[in-house]
Amino acid sequence: MRTLLIDDEQQAISALKAEIIYHCKDLDIVGEARSVKEAVKQILALAPELIFLDIQLLDGTGFDILDAVKGHQVKVIFTTAFSQYAIKAIKFNALDYLLKPIDAEELVEAVKRAEAAAPQGVQLDVLKRQLDIIRMGDKKIVLKDSRSMYIIKVAEIVRCEAHGAYTDVFTLTEPKITISKSLKEFETMLEDYGFFRTHHSHLVNLHLVKKVDKADGGTLYMQDGTQIPISQRKWEQVIRLIADK
């Protein structure tokens with residue numbers, strides 16, 4: 001199989017390449033890449049059948065690469081130093097991975113499974129969402145009002161509501177926290193963690209939506225009991241994003 005190695009550490013690429021040359025002689029290494037931009041260029045130019053893909057790169061993630069080359073049929077073996085929880089997510093989706101430092105016997109077995117498998121497709125999107133949730137669960141931010149400083153888990157933020165130059169932040173564990181930042185600043189800060197601006201005054205955590213009601217123009221029912229309006233122009237996008245969660 002035509003094989004591409006993607007990792008931001010040259011030492012890791014060299015070590016993997018040596019193991020493949022010695023143990024997996026049926027693989028034809030056609031290229032290497034150390035960044036998202038370079039990897040996308042190599043995949044489009046070389047059309048590999050198999051890629052060894054590091055999840056976390058300096059300029060992005062392996063999923064940024066997969067998003068950029070959607071439509072290209074390719075088999076993926078993840079190489080990762082991620083936590084056991086992320087590995088469980090990979091295994092749950094029947095995808096293959098090699099934990100760094102890579103063991104030769106595990107490499108051989110992973111390549112055998114890749115040779116017998118079909119190219120991965122939809123389940124990569126499922127895995128990405130699961131890893132986003134894992135990453136969000138560990139992420140914390142610091143919020144300061146006029147009297148206190150709060151250390152809040154991003155996963156526990158239910159919604160943010162704009163009030164002029166101020167934003168009210170509502171969480172599962174704290175009462176309303178009013179911060180002297182605009183809602184746009186919170187949108188920029190939280191959009192990579194599953195938050196979406198459903199209305200000009202409301203930014204919500206889509207992972208904490210309990211119910212969607214189309215009545216009255218569209219309403220989200222959140223886990224804290226609040227009801228959030230959906231602007232008409234955002235309705236289809238909100239529904240699509242929630243369906244993907």
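Residues take their numbers from the sequence shown, with the count starting at 1.
Scanning all heavy atoms of the two residues, the minimum distance from Ile151 to Lys140 falls at CG2-CD, 4.0 Å. Across all their heavy atoms, Tyr97 and Leu99 have their closest contact at CD1-N, 3.9 Å. Closest non-hydrogen pair, Leu50 versus Ala114, comes out as CD1-CB, 4.1 Å. What you find for Met222 and Lys210 is that their closest heavy atoms are O-CD, 3.6 Å. Closest of all the heavy-atom pairs between His202 and Leu183 is N-CD2, 3.7 Å. Of all non-hydrogen atoms in Gln42 and Glu32, the two that sit nearest each other are NE2-O, 2.9 Å.
With a 4.5 Å cut-off on side-chain heavy atoms, Asp7 and Leu5 do not count as touching. Annotation: side chain of Val204 is not in contact with side chain of Phe170 (no heavy-atom distance under 4.5 Å). Using a 4.5 Å heavy-atom cutoff, the side chains of Ile51 and Leu46 are not in contact. In this structure, Phe195 and Met189 have side chains that are not in contact, with every pair of non-hydrogen atoms separated by 4.5 Å or more. For the pair Leu203/Thr167, no side-chain contact is recorded, criterion being any heavy-atom separation below 4.5 Å from C-beta on. Inter-residue side-chain proximity for Val74 and Val69 is flagged as unmet; no heavy-atom pair is nearer than 4.5 Å. Under the 4.5 Å side-chain criterion, counting only non-hydrogen atoms from C-beta, Lys176 is not in contact with Val169. Residues Phe186 and Leu143 meet the side-chain proximity criterion, which asks for heavy atoms closer than 4.5 Å.
Residue Lys234 places its NZ atom among more than 12 non-hydrogen atoms of other residues, nucleotides or ligands, all under 6.0 Å distant. Applying the 6.0 Å contact sphere to NZ of Lys181 captures no more than 12 heavy atoms from other residues, nucleotides or ligands. The number of heavy-atom neighbours closer than 6.0 Å to OH of Tyr166, taken from other residues, nucleotides and ligands shown, is 12 or below. Annotation for Glu236: atom CD does not count as buried by contact number, only 12 or fewer foreign heavy atoms lying within 6.0 Å. Atom CD of Gln232 has 12 or fewer neighbouring heavy atoms from other residues, nucleotides or ligands inside a 6.0 Å radius.
Here the NE2-CD distance, from His207 to Gln223, works out to 11.5 Å after rounding to the nearest 0.5 Å. Atom NE2 of His23 sits about 8.5 Å away from atom CG of Asp103, to the nearest 0.5 Å. Atom CG of residue Asp26 and atom CD of residue Glu115 lie 5.5 Å apart, to the nearest 0.5 angstrom. Interatomic distance, CD of Glu9 versus OG of Ser14, reported as 11.0 Å (0.5 Å rounding). With rounding to the nearest 0.5 Å, the separation of CG in Asp145 from OH in Tyr150 is 4.5 Å. Here the CD atom belonging to Glu19 is positioned 10.5 Å from the CD1 atom belonging to Ile21, to the nearest 0.5 angstrom.
Salt-bridge check for Lys41 with Glu38: failed, with every basic side-chain N at 4.0 Å or more from each acidic carboxylate O.
Between Pro48 and the choices Asp28, Thr3, Ile6, Ile43, the side chain to side chain contact (heavy atoms under 4.5 Å, CB included) rule is met once, by Ile43.
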Can I get a per-line list of side-chain donor-acceptor pairs under 3.5 Å for residues 155-164, giving both atom names and the distance, sequence neighbours left out?
unit_1	atom_1	unit_2	atom_2	d
Glu156	OE1	Thr173	OG1	3.4
Arg159	NE	Thr226	OG1	3.3
Arg159	NH1	Glu161	OE1	2.9
His163	NE2	Asp168	OD2	3.1

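Hydrophobic clustering (side-chain heavy atoms under 4.5 Å, transitive across Ile, Leu, Val, Met, Phe, Trp, Tyr) keeps Ile230 apart from Tyr221.
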- prompt: Val108 and Lys112: side chain to side chain contact (heavy atoms under 4.5 Å, CB included), yes or no, with the steps?
  reply: CA-CA 6 Å; Val108 171; Lys112 285 180 180 178; 3.8 Å; yes
- request: Apply side chain to side chain contact (heavy atoms under 4.5 Å, CB included) to the pair Val238 and Val209, showing each step before the final yes or no.
  value: CA-CA 11 Å; Val238 169; Val209 174; over 6 Å; no
query: Please walk me through it: do Lys75 and Asp96 pass salt bridge (Lys or Arg N to Asp or Glu O under 4.0 Å)?
result: CA-CA 10 Å; Lys75 301 178 183 183; Asp96 226 329; over 6 Å; no
task: Give the intermediate values and the outcome of side chain to side chain contact (heavy atoms under 4.5 Å, CB included) for residues Phe52 and Leu107.
output: CA-CA 11 Å; Phe52 286 83; Leu107 169 65; 3.7 Å; yes
- request: Run the numbers on Leu66 and Leu53 for side chain to side chain contact (heavy atoms under 4.5 Å, CB included), then give the verdict.
  value: CA-CA 10 Å; Leu66 298 174; Leu53 180 60; 4.0 Å; yes
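With hydrogens and angles disregarded, no donor-acceptor distance shorter than 3.5 Å links the side chain of Glu109 to the backbone of Glu106. Between the side chain of Gln56 and the backbone N or O of Gly60 there is at least one donor-acceptor pair closer than 3.5 Å. With Thr198 contributing its side chain and Pro229 its backbone, the two residues share a donor-acceptor pair below 3.5 Å.
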